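Only one structure is covered here, and it is reproduced in the block below.
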Protein chains: 2
Amino acid sequence: MRIGQLAQLVGVETQTIRFYEQQGLLPPPDRQDNGYRVYTEKHGEGLAFIRRCRILGLSLAEIHELQSYQDDPHQPCTAVNALLDDHISHVRSQITALQALEKQLVSLRASCNDDREVEACGVLAGISEGKMHQQ
Amino acid sequence: MRIGQLAQLVGVETQTIRFYEQQGLLPPPDRQDNGYRVYTEKHGEGLAFIRRCRILGLSLAEIHELQSYQDDPHQPCTAVNALLDDHISHVRSQITALQALEKQLVSLRASCNDDREVEACGVLAGISEGKMHQQ
DNA sequence: TTTAAACTATAAAGCTACTATAAGGTCAAT
DNA sequence: ATTGACCTTATAGTAGCTTTATAGTTTAAA
């Protein structure tokens, strides 16, 4: 399988595949005589794994860590679960922060109707004066 | 006021101030004979405005836009409010996406207790097989 | 007075996870 | 022979800074 086919199969761009190879996330495939990369099914699975991790919001570093666990399958899997727990709490704190932010933005927005001049705009005034209703 | 004092006053690093100047968000201040930047209160207000916008999650481009409105104070402020409305809906969709993600992560995490080997880890298996409970 | 600490300056690279662009080689079909 | 689709590498751009390197200036202590 050449890079274009693999890319289409998994739904990424060819550059992304080369990028993952360069970052050490995907093993360097064999090459044809002309230098073209030749991929196996294994590569397909590896790439799909990376993409699923990315969809779950894991960083490339975290994916790398997971791969190192996969390479040593008789360890206890506590580290895997710890990584996921960390990621979950990270996502949760992001949600909390964004919810607080939304509140601030909505209250700021409520300080102006649209029928003013910029000079008297409640939103701009609110930001300028630091009346951002901080907790 | 020199750059270090301004930085301490507003709570940013000196490099950040130079960066904003370079990006056209902060007007270039006068210089002493030795080349040191000299800031006025106006700069302090400008910088504080930028930081408050950043805390609200606005991009530098959006801040630039707001500044252009400030420079033309007799326009109607509908554009200001539209910018904020856009940003609010952006934040809301981020929240929604993260909440869906959290659900996925939690259900994935529930597929493994810690008392296994990596080989049998429910989390890794879940990612590998694509059983990510997608909606 | 010398010297060291603390401050300032510029320029350039590093960070994340790609995406895009440039300049070129390969291959199948026309 | 040439077009078009594919492949190669290398390099730059994205956001918003942070870090590093290198060097000049001021200030306070020894």
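Labels below follow one simple rule: chain letters A, B, ... track the order of the sequence lines, proteins then strands, and each chain is numbered from 1. Just so we're clear, the structure is a prediction, and the values are computed from it rather than from any experiment.
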Contact class for Arg37(A) (heavy atom, under 4.0 Å): base, sugar-phosphate, or nothing?
sugar-phosphate

Quick check on side chain to side chain contact (heavy atoms under 4.5 Å, CB included): which of Arg51(B), Glu45(B), Gln5(B) does Val10(B) satisfy it with?
Arg51(B)

Nearest whole angstrom, please: distance from the [atom2] of [N] to the [atom1] of [X].
{"X": "Tyr39(B)", "N": "dA9(C)", "atom1": "OH", "atom2": "P", "value": "7 Å"}
{"X": "Glu21(A)", "N": "dA10(D)", "atom1": "CD", "atom2": "P", "value": "12 Å"}
{"X": "Asp33(B)", "N": "dG24(D)", "atom1": "CG", "atom2": "P", "value": "18 Å"}
{"X": "Gln5(B)", "N": "dT8(C)", "atom1": "CD", "atom2": "C1'", "value": "12 Å"}
{"X": "Glu13(B)", "N": "dG16(D)", "atom1": "CD", "atom2": "P", "value": "17 Å"}
{"X": "Gln22(A)", "N": "dT11(D)", "atom1": "CD", "atom2": "P", "value": "11 Å"}
{"X": "Asn34(A)", "N": "dT26(C)", "atom1": "CG", "atom2": "P", "value": "8 Å"}
{"X": "Arg31(B)", "N": "dT8(C)", "atom1": "CZ", "atom2": "P", "value": "12 Å"}

Among the candidates [options], find the nucleotide nearest to the side-chain atoms of [X].
{"X": "Arg54(A)", "options": "dA17(C), dT8(C), dG16(D)", "answer": "dA17(C)"}
{"X": "Tyr36(A)", "options": "dT19(D), dT9(D), dT26(C)", "answer": "dT26(C)"}
{"X": "Ile3(B)", "options": "dA9(C), dC7(C), dA20(C)", "answer": "dA9(C)"}
{"X": "Leu60(A)", "options": "dC18(C), dG16(D), dC7(C)", "answer": "dC18(C)"}
{"X": "Gln15(A)", "options": "dC6(D), dA9(C), dA20(C)", "answer": "dA20(C)"}
{"X": "Thr16(B)", "options": "dT19(D), dT8(C), dT18(D)", "answer": "dT18(D)"}
{"X": "Tyr20(A)", "options": "dT20(D), dC18(C), dT21(C)", "answer": "dC18(C)"}
{"X": "Arg18(B)", "options": "dC7(D), dA9(C), dA17(C)", "answer": "dA9(C)"}
{"X": "Phe19(B)", "options": "dT25(D), dC7(D), dG16(D)", "answer": "dG16(D)"}

Please determine whether a side-chain nitrogen of the Lys or Arg among Lys42(B) and Asp30(B) lies less than 4.0 Å from a carboxylate oxygen of the Asp or Glu.
no

Does dC17(D) have OP1 or OP2 under 4.0 Å away from a side-chain N or O of Arg51(B)?
yes

Report the relative orientation of the aromatic rings in His90(A) and His87(A); use parallel for angles under 30°, tilted for 30 to 60°, perpendicular for over 60°.
tilted

Between atom CG of Leu58(B) and atom CD of Glu65(B), what is the distance when rounded to the nearest 0.5 Å?
10.0 Å

Can you tell me how far apart CG (Leu83(A)) and SG (Cys77(A)) are? Round to the nearest 0.5 Å.
12.0 Å

